[in-house]
2 protein chains.
Amino acid sequence: MVNDSFKALSHPIRRGIVERLGEGPATVGDATAGFGVSKPAISKHLKVLEETGVVRREVRGRAHWLSLEPKVLGEAADWMDRQRALWGRLFDVVDEYLKEGSR
Amino acid sequence: MVNDSFKALSHPIRRGIVERLGEGPATVGDATAGFGVSKPAISKHLKVLEETGVVRREVRGRAHWLSLEPKVLGEAADWMDRQRALWGRLFDVVDEYLKEGSR
DNA sequence: CGAATCGTTAACCACATGGTTAACCGTAGC
DNA sequence: GCTACGGTTAACCATGTGGTTAACGATTCG
C-alpha cells in the first residue's frame with residue numbers, strides 16, 4: 001500500500017538507510033552506521049522497511065545484505081508525481097481563486 | 001523539513017485531504033467530508049497539515065478555506081525524485097551484484 | 001435576539017512508536 | 001572448541017498518535 005511507503009519514509013533514520021541503499025546494497029552494519037542509536041533500534045527500523053516492502057534482505061553467512069525494492073517506493077513516488085501534476089496545473093488558478101473570493 | 005512532509009502524508013485521511021485540495025481550494029467541511037471520523041479528529045489532521053506547511057488556511061467568515069502550499073510538498077517530491085534517479089541508474093547493477101555475491 | 005452552522009479546544013483513552021538494556025543465535029576465525 | 005562478530009529477540013519504558021465526547025466561540029440567518 002502507498003500508505004506503508006510513506007510511513008516507512010516518515011522517520012529520518014529509515015530515510016537515511018534508504019538513501020545509502022540507493023548507492024548500492026550493503027550489510028546491516030554498513031547501511032546503518034553512524035545513526036547514534038542502538039542495534040536493536042536499527043533492527044526495528046529494518047523490520048519496518050522490510051515489512052512495507054521497501055527493502056529486501058538476503059542472509060548470507062552471518063551478514064545480512066540489504067537492497068532496495070524500487071517497485072514499492074515507486075508507488076509512493078507516483079502518488080507524488082500525480083499530486084505535483086495537479087499543483088502545476090492548478091496552483092495559479094487556486095491562488096487567483098482565493099484572492100477573488102476574499103473581495 | 002522534508003521529514004515533516006512525509007509525516008504529514010503518512011496518514012490516509014491527511015493524504016485524502018491533500019488529494020481533494022489538489023483539485024482546488026475548499027472549506028474544511030467540503031475538503032474533509034466522508035472520512036468517517038468526528039470533527040475534532042479532522043481538526044487535528046488539519047493542524048498537522050498546517051503546521052508542516054503542506055496546507056494553508058484562510059478564515060473567511062465562519063468558513064475556513066484550505067489550499068495547498070506546493071513548495072513544501074515539493075521538497076518531499078524532490079527527495080523522491082532523487083531516490084528514483086538512483087534506482088533507475090543502479091537497480092540492474094544492484095541486482096547483478098547480489099546474484100554475483102551469492103555464488 | 002435566538003437558533004443553526006462551521007469549526008475549534010479541552011479532557012480523556014487506547015494503542016503505536018521509538019528507544020533502552022540484557023540475553024540470545026548462528027557463523028567465522030583462531 | 002572457544003571466542004569474537006553480526007544481528008535479532010524479549011521485556012520494558014516514555015512519549016506520540018489518533019480517536020472519542022462535551023463544551024465552547026464566532027458568524028450567519030430568520
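Naming: A, B, ... by sequence-line order, numbering from 1 per chain.
- Taking atom CG of residue Leu46(B) and atom C1' of nucleotide dG18(D), one finds them 14 Å apart after rounding to whole Å.
- One interatomic measurement links the two molecules: NZ of Lys47(B) to C1' of dG19(D), which rounds to 15 Å at whole-angstrom precision.
- Cluster annotation: Leu68(A) is not connected to Val48(A) through the hydrophobic network of ILVMFWY side chains, with a link wherever side-chain heavy atoms come within less than 4.5 Å.
- As a whole-Å value, the separation of Glu51(B) CD from dT9(C) C1' is 14 Å.
- For Arg62(A) and Ile42(A), each mapped to the nucleotide of DNA chain D holding its nearest heavy atom, the one lying further toward the 5' end belongs to Arg62(A).
- To the nearest 0.5 Å, atoms CG (Leu73(A)) and OG1 (Thr52(A)) are separated by 8.0 Å.
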Under-3.5 Å N/O pairs linking protein and nucleotides 16-24 of chain C:
unit_1: dT17(C); atom_1: OP1; unit_2: Lys7(A); atom_2: NZ; d: 2.4
unit_1: dG18(C); atom_1: OP2; unit_2: Arg14(A); atom_2: NH1; d: 3.1
unit_1: dG19(C); atom_1: OP2; unit_2: His45(A); atom_2: NE2; d: 2.5
unit_1: dG19(C); atom_1: N7; unit_2: Lys44(A); atom_2: NZ; d: 3.0
unit_1: dG19(C); atom_1: O6; unit_2: Lys44(A); atom_2: NZ; d: 2.2
unit_1: dT20(C); atom_1: OP2; unit_2: Ser38(A); atom_2: N; d: 2.9
unit_1: dT20(C); atom_1: OP2; unit_2: Ser38(A); atom_2: OG; d: 2.5

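- With rounding to whole Å, Trp65(B) atom CH2 is found 17 Å from dT27(D) atom P.
- One hydrophobic cluster holds both Leu21(A) and Val2(B) under the rule that ILVMFWY side chains link at heavy-atom gaps under 4.5 Å.
- Following rounding to the nearest Å, Phe35(A) (CZ) and dG7(D) (P) show an atom-to-atom distance of 14 Å.
- Remark: Arg20(B) qualifies as a cation-pi partner of Phe35(B) under the 6.0 Å distance and 45° angle criteria applied to the six-membered ring.
- When the side chains of ILVMFWY residues are joined at heavy-atom separations under 4.5 Å, either directly or via intervening members, Leu49(B) and Trp79(A) end up in a single hydrophobic cluster.
- Remark: His45(B) pairs with His11(B) by the ring-ring contact (aromatic ring centres under 6.0 Å, His included) rule, at least two apart or across chains.
- In this structure, the NE2 atom of His64(B) is 17 Å from the P atom of dT5(C), given to the nearest Å.
- Separating the CZ atom of Phe6(A) from the C1' atom of dT17(D) is a distance of 19 Å, rounded to the nearest angstrom.
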